[in-house]
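See below for the structure under consideration.
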There are 2 protein chains.
Amino acid sequence: MNSGPSARRGPKPKPDTRDNLIRAGLQAIHADGFAATGIQGIVERADVPKGSFYNHFASKEAFGAEVLDAYSDLGLERLRAFLANSDLPPLARLGAYFDDRIKAFTAGGYARGCLLGNFSAEAADHSPLIREHLVQHWDAWTKALEGCLAEAQGQGAIDGRLAPASLARFILNSWEGALLRMRVEKTGSALIECKSMILETLLPSRRPS
Amino acid sequence: MNSGPSARRGPKPKPDTRDNLIRAGLQAIHADGFAATGIQGIVERADVPKGSFYNHFASKEAFGAEVLDAYSDLGLERLRAFLANSDLPPLARLGAYFDDRIKAFTAGGYARGCLLGNFSAEAADHSPLIREHLVQHWDAWTKALEGCLAEAQGQGAIDGRLAPASLARFILNSWEGALLRMRVEKTGSALIECKSMILETLLPSRRPS
DNA sequence: AAATAAAATATGACCGGTCGTCTTAAATTA
DNA sequence: TAATTTAAGACGACCGGTCATATTTTATTT
């Protein structure tokens, strides 16, 4: 039968060329933006001949989508790790995540922001492929947050009339907006204010009488 | 002494060449992003010879800063117009502004977003000049919003313990984040949710007992 | 008032460099 | 040998920016 994956032909691919390209591309695109990043710079960073790039990726656009995937997967894993920490009540986990990110962005000089937001601004309008990936990733991050909020609501830490799904979307969107402001001001204020506005004002809110 | 501005020499500049360039640049940069927009395309749209561009602008970066200024001035004027409408209570003015923007973005196919946000993502890290302009413009928009919120607070429509300055920053940042989400989803949902979360949940909130 | 110098703009060719992509040759295996 | 993949670099187009030159206007000198 031998119905397994058909054996490949051709020279052995250097096993980590592809990963090296993704890694180099992630660094470069995160630092400089998608449009401003050239294939040339990426292949040089990855120490890969320029022509080899298109053996692994159909286009710059497809490459960008994979870089985005890699970034999102990593970040989502971290988010989930924080939100799953059962040593803390749900909202404290969210607070800890915020604090961790604030610390990281502070260490990074308040630059670069979140690649999801960056791609959304730069590529969502022009690349249907990247846009589709963005939809999935934003949604996945939202879902992770939503789970935590639902848990908090179950414990009475959040007004029962607020829908966790809407809250999660709003919180994530607001955080991304705060990241834009942070990059402009080169200060952590926007992030700190975002955290406190959400955790101290929005979530504990009660409807007006 | 004749310390006045020394009279300029040289041929009268074609009076609207500069404005045409700004206008063409605004359209192009708003649609395609700063890095992805070339000088060539701009001068072609404005029907200006390429060499003339650098008679009016020191660099693409300086041009971008002026385009940003033009965009911000226009948008700020609109924001102020809505927030000054004394026929409505303060928060209703803000709601009307949101509705107007939602309508406009809907008509535009949920694309392009806000140039302040776009430049913040693309250029704030790399261009000190543009970053400085961004600081001013974000701040001006925030101040406009803050005035309206303070007025609302004076009328008791907002919890007295919330600082209008912080609220204004958070609201503007959140709106910019919602615009990112909008461009990904090609839906007005994020904007609608942002409006309602702010006007119905955040602002009327009372501290937990 | 006339002549000249200075300054700014108009214009398009042109610079080195980089862009994303494609073609071709080498390598490997069926 | 045929098929297939990789390595490698060539490719034309375009990038932001510069330059020389012509032109137009004003300031200064005579």
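In what follows, chains carry the letters A, B, and so on, assigned in the order in which the sequence lines appear, proteins first and then strands, with residues in each chain numbered from 1.
- Here A:S52 reaches the OP1 or OP2 of D:dA7: one of its side-chain N or O atoms lies under 4.0 Å away.
- You'll find the ring centres of B:Y71 and B:F119 outside the 6.0 Å limit.
- A:I39 has its CD1 atom 8 Å from the P atom of C:dC19, to the nearest Å.
- Distance B:F63 CZ to D:dG17 C1': 15 Å, rounded to the nearest Å.
- The distance from atom CZ of A:F53 to atom P of C:dT21 is 8 Å, rounded to the nearest whole Å.
- Evaluation of atom-type donor-acceptor distances gives a pair under 3.5 Å for the side chain of A:N55 against the base of D:dA7.
- The NZ-P distance, from A:K50 to D:dA7, rounds to 16 Å in whole Å.
- Counting heavy atoms from C-beta outward, B:E61 and B:H126 have side chains that stay 4.5 Å or more apart.
- Residues A:A36 and A:G51 each lie close to DNA chain C; by heavy-atom proximity, the contact nearer the 5' end of the strand is made by A:A36.
- Using a cut-off of 4.0 Å between Lys/Arg side-chain N and Asp/Glu carboxylate O, A:D125 and B:R112 are scored as not salt-bridged.
- Using a 4.0 Å cut-off, no side-chain N or O of B:Q40 falls inside it from OP1 or OP2 of D:dG16.
- Checking the phosphate oxygens (OP1, OP2) of C:dA10, a side-chain nitrogen or oxygen of B:H56 falls inside 4.0 Å.
- For D:dG17, its base never sits under 3.5 Å from the side chain of B:K60 at any donor and acceptor pair.
- Rounded to whole Å, the distance from CG on A:L21 to P on C:dG20 is 13 Å.
- The separation between B:D47 atom CG and C:dA10 atom P is 13 Å, rounded to whole Å.
- Here the C1' atom of nucleotide D:dG9 and the OH atom of A:Y54 are 14 Å apart, to the nearest Å.
- Summarising the geometry, the separation between CZ on B:F57 and P on D:dT18 is reported as 15 Å, rounded to the nearest angstrom.
- In this structure, A:K60 satisfies the cation-pi test against A:F34, with its NZ or CZ atom closer than 6.0 Å to the six-membered ring centre and inside 45 degrees of the ring normal.
- The closest side-chain heavy-atom distance from B:L145 to B:L94 is below 4.5 Å.
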